[in-house]
Number of protein chains: 2
Amino acid sequence: MFLSEADLLSKAHSLAGRHVASLGSRAHKGGVGELVEIALGLTPGSSPEPDVASLGIEVKTLPVQNGKVIESTWVCSATPSSILEETWSTSRVRKKLARVLFVPVEGGDVPVDARRVGTAFLWSPNLDDEAILRRDWEDLADLVAHGLGFAVSARRGTALQLRPKAKDNTVRRTSIDVAGESYEHAPQGFYLRRPFTQGIIAAVFG
Amino acid sequence: MFLSEADLLSKAHSLAGRHVASLGSRAHKGGVGELVEIALGLTPGSSPEPDVASLGIEVKTLPVQNGKVIESTWVCSATPSSILEETWSTSRVRKKLARVLFVPVEGGDVPVDARRVGTAFLWSPNLDDEAILRRDWEDLADLVAHGLGFAVSARRGTALQLRPKAKDNTVRRTSIDVAGESYEHAPQGFYLRRPFTQGIIAAVFG
DNA sequence: GGGGATCCACTGTTGGATCCAG
DNA sequence: CTGGATCCAACAGTGGATCCCC
């Protein structure tokens with residue numbers, strides 16, 4: 001496997017300019033992300049490869065059209081129980097975003113197979129990014145931890161937002177609130193807003 | 001008439017909180033602007049009153065709803081012949097915007113008569129504003145001067161934009177291009193974009 | 001159910017069209 | 001035709017819903 005960031009980035013760069021079709025065929029949501037991981041020698045769905053895990057790198061495809069990021073980016077789930085055990089420093093959001101290999105891929109109207117892979121790049125939040133993410137996370141996590149996640153709209157947060165994530169809107173999970181009462185709620189997770197990732201793209205590619 | 005800015009502003013402040021209905025009845029586009037001018041002792045449509053002219057003040061109502069500016073602001077016309085005789089320093093845009101009495105007025109869905117007048121304020125562009133306006137004007141004016149105004153979209157410009165202004169889209173004017181040929185084009189004018197006036201409001205009212 | 005994301009109806013924005021008085 | 005602006009269909013943006021694989 002990979003021994004260094006440079007190796008991973010180099011491998012990712014070798015994908016630049018290729019069409020998704022040349023990586024295999026997965027014409028479904030998430031399919032491109034899986035193909036890219038496989039092309040990088042990773043195994044989608046399993047726990048991170050040892051090398052990638054030790055490097056602390058998260059791989060994310062970033063759908064782009066005409067130079068613009070067209071979708072928000074999934075980060076991780078946000079359940080009351082998980083949040084209760086976290087602080088910003090120990091949070092999964094911070095860990096996952098500490099080092100990200102962003103792989104731009106054509107998106108939007110372009111047929112999946114015809115989408116071209118762009119030039120991947122490694123990213124870490126700078127001080128401003130970190131401050132914004134932290135503020136958002138602490139605000140949102142606090143609400144979720146208090147069992148108020150259900151009442152939080154995706155409008156909240158500057159870089160990070162809370163959104164539902166499930167097969168459909170009938171899916172419920174059960175949690176225990178601070179009073180010890182159990183309650184049901186839709187599964188939710190943290191996403192990076194498009195303007196935030198757009199800013200990252202702009203900073204990298206001018 | 002008015003002897004000073006302070007007099008004009010004072011008079012304008014006396015309108016704050018009043019409803020448009022109390023100023024008279026002009027239930028048409030532009031009617032509120034005219035009523036406000038009359039209430040200030042000015043005569044809409046005529047050349048500026050001596051006092052106001054000597055003060056170099058332009059009066060503009062600013063339609064606002066929920067704290068947000070909801071329309072762009074007309075500045076002046078933009079014909080090739082007029083532009084050819086101007087430079088930024090001598091431009092009507094710069095002169096008109098050098099000192100503006102902005103009178104916020106409720107707008108949008110509120111019935112015209114029920115619209116309340118807000119607290120007027122005097123504004124002049126700061127150095128940043130001036131630089132932006134100048135950049136926009138020089139860019140747009142250059143195109144108009146070269147007879148290319150017809151091809152300029154309202155998307156151009158950061159604070160200032162070029163837009164059609166006529167009774168309908170059949171109205172044409174005739175101009176002479178640099179080669180001496182006459183050509184027809186829709187009347188156009190300069191407008192202040194909403195985000196720009198919104199910024200002014202935000203700076204004044206926090 | 002978690003991990004990879006995209007879809008799309010709705011809503012907010014705005015470019016171009018238009019309105020009235022003098 | 002100018003000076004006072006507002007209207008509104010079309011577009012862009014995005015919140016909430018959804019999809020597939022493992």
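Note that the coordinates shown come from a computational prediction; the quantities given were computed from them, not determined experimentally. Convention: sequence-line order gives letters A, B, ...; per-chain numbering from 1.
In this entry the distance linking CZ of A:Phe190 with P of D:dG15 reads 15 Å, nearest Å. Going from atom CD of A:Glu106 over to atom C1' of C:dA5 covers 17 Å, rounded to whole Å. Between the CD atom of A:Glu184 and the P atom of C:dG1 there is a distance of 11 Å, given to the nearest Å. A straight line from CG of A:Leu23 to P of C:dA5 spans 13 Å, rounded to a whole angstrom. The distance from atom CD of A:Gln188 to atom P of C:dG2 is 13 Å, rounded to the nearest whole Å. Following rounding to the nearest Å, A:Lys167 (NZ) and C:dA5 (P) show an atom-to-atom distance of 19 Å. Here the P atom of nucleotide C:dG4 and the CG atom of A:Leu192 are 13 Å apart, to the nearest Å. Spacing between atom NZ of B:Lys29 and atom C1' of D:dG4 amounts to 12 Å, rounded to whole angstrom units.
The 12-atom threshold is not exceeded at CZ of B:Arg116, counting heavy atoms of other residues, nucleotides or ligands nearer than 6.0 Å.
An OP1 or OP2 oxygen of C:dG15 is reached within less than 4.0 angstrom by a side-chain nitrogen or oxygen of B:Gln161. The shortest distance between the side-chain N/O atoms of A:Ser72 and the OP1/OP2 oxygens of C:dA5 is not below 4.0 Å. Between B:Arg163 and C:dT18 there is no side-chain polar atom (N or O) within less than 4.0 angstrom of OP1 or OP2. At the phosphate of D:dA5, neither OP1 nor OP2 sits under 4.0 Å from any side-chain N or O atom of B:Lys165. One finds a side-chain N or O of A:Asn169 lying less than 4.0 angstrom from the OP1 or OP2 phosphate oxygen of D:dA17. The phosphate of C:dG2 (OP1 or OP2) has a side-chain N or O of A:Arg173 nearer than 4.0 angstrom.
Nucleic acid contact class of B:Thr61 (heavy atoms, under 4.0 Å, all strands): sugar-phosphate only. Contact annotation for A:Thr73: no contact, since no heavy-atom pair falls under 4.0 Å across all strands. Across all strands shown, A:Ala166 has heavy atoms under 4.0 Å from base atoms, whether or not it also approaches the sugar-phosphate. Residue contacts shown for A:Arg194 include a base, since a base heavy atom lies under 4.0 Å away. Note on B:Pro63: only backbone sugar-phosphate atoms sit closer than 4.0 angstrom, heavy atoms only; bases stay farther off.
You'll find that the side chain of B:Tyr191 is closest to D:dT6, out of C:dG3, D:dT6, D:dG4.
For the pair B:Trp74/B:Arg163, no side-chain contact is recorded, criterion being any heavy-atom separation below 4.5 Å from C-beta on.
Between B:Gly108 and B:Gly30, the residue anchored closer to the 5' end of DNA chain D is B:Gly30, taking for each the nucleotide with the nearest heavy atom. Place A:Leu162 and A:Lys68 on DNA chain D by their nearest nucleotides, and A:Lys68 ends up nearer the 5' end. Nearer to the 5' terminus of DNA chain C, by closest-nucleotide assignment, is the contact made by B:Arg193 (compared with the other of B:Arg193 and B:Glu34).
For the residue pair A:Ile176 and A:Tyr183, the shortest heavy atom distance occurs at C-CE2, 3.9 Å.
The residue from B:Gln161, B:Gln188, B:Arg156, B:Arg135 that alone fulfils the side-chain contact (heavy atoms from CB on, under 4.5 Å) condition with B:Leu140 is B:Arg156. Among A:Thr73, A:Val103, A:Leu192, A:Val100, the one residue that satisfies the side-chain contact (heavy atoms from CB on, under 4.5 Å) test with A:Leu62 is A:Thr73.
Although no hydrogens or angles enter the test, the distance criterion places a donor-acceptor pair under 3.5 Å between the side chain of A:Arg193 and the main chain of A:Arg155.
Between the base of D:dC7 and the side chain of B:Glu71 there is a donor-acceptor pair shorter than 3.5 Å.
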